[in-house]
Trainee: 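Before we start, here is the structure in question, set down as structure tokens.
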Amino acid sequence: MNSLDGLNPQQQQAVTAGFGPVLVLAGPGSGKTRVLTHRIAYLIKTLEVSPYQILAVTFTNKAAREMERRVVELLDNQAEGLTLGTFHATCARLLRREAEHLPFKSDFVIFDSDDQLRLMKQVIQELGLDPKSYQPQSVLSSISNAKNELLLPEDYPVQHYRDEVVKRVFSRYQQLLLTNNALDFDDLLLWTARLLDENPQVRERYARRFEHILVDEFQDTNLAQYRLLRYLASFHNNIFVVGDTDQSIYTWRGADYRNVLRFERDYPDAQVILLEQNYRSTQTILDVAMAVIDQNPHRRPKKLFTSRGKGEKIILREVYDDREEAAFVVETIAGLVANGHARPGDIAVMYRTNAQSRMLEEAFLFAKIPYKLVGAQRFYGRREVKDVIAFLRLIHNPDDELSLLRVINLPPRGIGEKTYSTLRLEAKRHGISPGQLLIELSRARESFSRDLLLERAYQRLASFGSMLLKWLAWRDRSTPLEIIDFVLEDTGLREFIDDGTEEGKDRWENVMELRRLASEYHEPGLADFLDQLALVSDQDTLEVSNNAPALMTLHAAKGLEFPIVFIVGLSDGVLPHQRSFEDEEAMQEERRLFYVGITRAKDRLYLVTPLHRNAFGYSEPVKESRFLADIPSGLILENRRERRYDRMTERSLSPWETSGIVKPATQAKYSPGVTVLHPVWGEGLVLNSRLQDDDEIVDVFFVGVGLKRLAASLARLELK
DNA sequence: ATGGACAATGTTTTT
DNA sequence: CATTGTCCAT
């Protein structure tokens, strides 16, 4: 089979581009993954490049896996030896291999944002700083920015007094990372870039090896990644990058879409190929998307087109607040599925902030419609999951004090703060890590000044130490699954986590899910498993075959596509977010975020705009998103609320009016959660109810029938 | 050492 | 309002 079959001329040009740098500017849905996978297949099959000499990097594991699957398919399994992975995972592997040239050991652990925060709090306390004026989060983000610019503490630029302090904090933070034998996310890139910069032998070895380098989502690279790529491509100069500046939504994380411009400057002979034909959306959806993004200044003009035809108009729905919004979404989805217009898995609901998922989740749960929440934090951030992972990390790397601190008294075994700080002090005196001392303790009792501790506390430490020693003895011969089972068994965590309550059962389920993930690793040792756990992306948690609507942030939606998309919370202050109001660049990024959301939709797009926003327990009127004004009215089907109702509610209520002294004219008879009886449809559940024009409008979910909106005065509903 | 009660605090997005 | 941290009593 000819691997160019089914590619349009621009795609073919990209796939078969000669050697040297290539920049592919790929609009949404223009088949960039297709181009990348075909390019790899072309290099291997037609140009007979060895897979071993090809490096392809992505940002999420999901994207990497998908690419790998497609390459293998194109090549009938002739892809053995290909290096294909995320930036972070690829760097982690390289650093483990080259650890001898670096100030840490090859069995380092990767600290996630949670660990970073805990470590930072420790540093701020240790240096006696006021956590109010030096908020751990904000100091961390300064440090992260510095690392993205490839700066270590000694290079940190000092302009204000604050910089001076941050520099000191940075220095101590970095020092602590090293004593824990740990790297944070930014370190993975930073150390790799620095290694290649400072060590010509290593650089040349890799630069010679990777004859071809391919990069996905190039607009999301930061300076460290850009440098990294330049070093790796420094020998063969065959660097093939694919990106779209209009989809740059991670500048707050250090991503710099100007790397695209930098690329053109640094590689003046680069071929530039534009992919504008879209294979995903209807022309109407594309026109809406272009109308929105065209408002951003300084863009390279791009004209998206499709052969799919106009399709239907997009739908704008105005709702009262987030509660009604959630009801509308769930009700519409139930209707679409019931009428056979869509399968549940065809639908996605997207929002600006994670907090917005809650109301939606409640509505789904209430209607008993299953849904899928996309987001790694939701699972890996669970306490019980992190606890078990902390045990594994400690076993992998006993110097990891943060993990030790987390599990040493879990389940409670009488080792409190006092006992721990004695252990810590004593460890410092011996010049070893607390974890090491624990192990020593269980082996040779003399190494600890006995008079420092009560016999009881001492016994407890020693017994934990011997448990740890036992696990360590098994570590290199056991699979992750076996190690998890040792831990669960020896610690009695099960009884602690599954305490017989409903939540306890859920918590245990989560641990079992982690256990299931571990069961996919058949080799002894924890490194690979722990790396995967540390580097999962939100998107990685979305299963392809899941037959339920997916809920996700707009950020998590990038790279995905769905026949039907809802974008909710289109209010000024939410999307665009309040914090972008004063910053023109940030506002443009908000617009790109909206653009990304719109272009996820294949056939039908719902935009939902609430008139009120609930925050801090108060409801306040909000303006609709300013972005909506940019959509030509001919492309949109508007469904707004009654004007009369608007006027009543758009006025700000004074506090005593909201406190319930002023009662509505009619009292609602049906409240969410009650069961009602309908003469035709039988028993149903009230999802939502509101007063309107002296009548009560009730949304009821009937089993086997679906959701119905009824006027209480007409439908003969009975309370059950 | 542990757990419960209250107070303060806060909403962007995440590899 | 809902989560997170801090203080205090057992």
Side-chain angles (χ1 to χ4, degrees), chain A residues 57-64 85-92 110-114 116-118 121 125 131-132 135-137 140-141 144 147-148 183-190 217 220-222 224-225 248-255 322 350-359 374-378 380-381 383 408-421 454 456-457 460 531-541 552-558 569 573-581 583 586-587 589-590 592-594 596-597 613-619:
Chain A
V57 277
T58 63
F59 274 86
T60 67
N61 297 294
K62 185 183 156 77
T86 64
F87 268 102
H88 289 85
T90 307
C91 288
I110 299 167
F111 273 9
D112 62 22
S113 26
D114 208 65
Q116 290 183 50
L117 194 62
R118 292 198 303 149
K121 284 180 180 162
Q125 193 173 29
K132 288 218 172 69
Q135 292 197 341
Q137 285 288 15
L140 271 175
S141 103
S144 175
K147 287 185 174 182
N148 288 335
L183 304 191
D184 65 20
F185 290 134
D186 300 319
D187 281 338
L188 294 171
L189 308 173
L190 169 84
E217 306 280 16
D220 286 339
T221 52
N222 60 30
Q225 286 159 326
S248 162
I249 54 174
Y250 285 110
T251 57
W252 52 273
R253 204 171 75 189
D322 56 351
M350 299 170 190
Y351 37 81
R352 176 66 238 264
T353 68
N354 279 306
Q356 291 172 266
S357 76
R358 186 180 300 152
M359 196 58 77
V374 181
Q377 270 317 96
R378 284 304 196 286
Y380 295 96
R383 202 179 61 220
I408 195 166
N409 200 28
L410 193 96
R413 54 174 70 85
I415 303 176
E417 210 175 323
K418 191 112 194 281
T419 312
Y420 186 79
S421 68
L454 293 169
R456 211 178 42 182
R460 287 166 176 165
D531 276 2
Q532 191 216 288
L533 292 179
L535 299 175
V536 276
S537 75
D538 272 4
Q539 266 190 20
D540 298 333
T541 63
M552 68 193 82
T553 63
L554 286 161
H555 283 89
K558 191 155 76 122
V574 178
L575 182 67
H577 196 272
Q578 199 105 37
R579 293 178 65 143
S580 64
F581 282 0
D583 182 347
M587 181 57 78
E589 181 144 320
E590 296 291 305
R592 292 195 292 267
L593 196 51
F594 186 35
V596 165
R613 184 184 182 185
N614 293 322
F616 298 89
Y618 288 98
S619 178

Trainee: Taking A:Lys147 as the fixed residue, which of A:Asn222, A:Asp184, A:Asp186 is the one that meets the side-chain hydrogen bond (donor to acceptor under 3.5 Å, both in side chains) rule?
Mentor: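 Of the listed residues A:Asn222, A:Asp184, A:Asp186, the side-chain hydrogen bond (donor to acceptor under 3.5 Å, both in side chains) partner of A:Lys147 is A:Asp184.
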
Trainee: Using whole Å, what does the distance between atom P of nucleotide B:dT13 and atom CE of A:Met587 come to?
Mentor: 17 Å

Trainee: Between A:Glu589 and A:Gly416, who's closer to the 5' end of DNA chain B by nearest nucleotide?
Mentor: A:Gly416

Trainee: Roughly, in whole Å, what's the span from CG in A:Leu410 to C1' in B:dT2?
Mentor: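 After rounding, the reported distance stands at 14 Å.
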
Trainee: Can you tell me the distance, in whole Å, between the CE atom of A:Met552 and the P atom of B:dT14?
Mentor: 12 Å

Trainee: From B:dT15, B:dT14, C:dA2, pick the nucleotide closest to the side chain of A:Ser113?
Mentor: B:dT15

Trainee: Does A:Arg358 reach a base, just sugar-phosphate, or nothing at all? Heavy atoms under 4.0 Å.
Mentor: sugar-phosphate

Trainee: Specify the residue among A:Arg460 and A:Ala534 whose closest nucleotide of DNA chain B lies further upstream toward the 5′ end.
Mentor: A:Arg460

Trainee: Please classify the nucleic acid contact of A:Phe185 as base, sugar-phosphate, or nothing, using heavy-atom distances under 4.0 Å.
Mentor: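 A:Phe185: base contact, heavy atoms under 4.0 Å.
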
Trainee: Pairs under 3.5 angstrom, nitrogen or oxygen only, protein versus nucleotides 9-12 of chain B, please.
Mentor:
from: B:dT12; atom 1: OP2; to: A:Arg579; atom 2: NH1; distance (Å): 2.9
from: B:dT12; atom 1: O4'; to: A:His577; atom 2: NE2; distance (Å): 3.4
from: B:dT12; atom 1: O2; to: A:Arg352; atom 2: NH1; distance (Å): 2.7
from: B:dT12; atom 1: O2; to: A:Arg352; atom 2: NH2; distance (Å): 2.0

Trainee: Report all interatomic pairs (protein N or O, nucleotide N or O of nucleotides 5-10 of chain C) with separations under 3.5 Å.
Mentor:
from: C:dG5; atom 1: OP1; to: A:Lys121; atom 2: NZ; distance (Å): 3.4

Trainee: Expressed as a whole number of angstroms, how long is the span from A:Ile415:CD1 to B:dA1:P?
Mentor: 10 Å

Trainee: When rounded to the nearest 0.5 angstrom, what is the spacing between CG in A:Asp114 and CZ in A:Arg383?
Mentor: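 Between atom CG of A:Asp114 and atom CZ of A:Arg383 there are 11.5 Å.
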
Trainee: Between P on B:dT14 and CG on A:Asp186, what's the gap in Å once rounded to a whole number?
Mentor: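 That distance rounds to 16 Å.
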
Trainee: Measure the spacing between CD of A:Glu217 and CZ of A:Phe87 and express it to the nearest 0.5 Å.
Mentor: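 Here the rounded value is 10.5 Å.
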
Trainee: B:dT15 P sits how many Å from A:Phe111 CZ, rounded?
Mentor: 19 Å

Trainee: Taking the six-membered ring for Trp, are A:Trp252 and A:His555 parallel (under 30°), tilted (30 to 60°) or perpendicular (over 60°)?
Mentor: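 Ring orientation, 0 to 90° scale: perpendicular.
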
Trainee: In whole angstroms, how far is the P atom of B:dT2 from the OH atom of A:Tyr420?
Mentor: 15 Å

Trainee: Would you classify A:Glu417 as touching base, sugar-phosphate or nothing, given that sugar-phosphate means primed atoms plus P, OP1 and OP2, and contacts are heavy atoms under 4.0 Å?
Mentor: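 Contact class for A:Glu417: sugar-phosphate only.
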
Trainee: Which part of the nucleic acid, if any, lies within reach of A:Asn409 when heavy atoms closer than 4.0 Å are counted: base, sugar-phosphate only, or nothing?
Mentor: sugar-phosphate

Trainee: Would you call A:Thr419 and A:Arg460 a side-chain contact if the rule is heavy atoms closer than 4.5 Å?
Mentor: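 No, every pair of side-chain atoms sits at 4.5 Å or beyond.
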
Trainee: Tell me the interatomic distance from A:Arg413, atom CZ, to B:dG3, atom P, rounded to whole angstroms.
Mentor: 13 Å

Trainee: Is the phosphate of B:dA1, meaning OP1 or OP2, less than 4.0 Å from a side-chain N or O of A:Thr419?
Mentor: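 So the side-chain polar atoms of A:Thr419 do come within 4.0 Å of the phosphate oxygens OP1 or OP2 of B:dA1, strictly under.
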
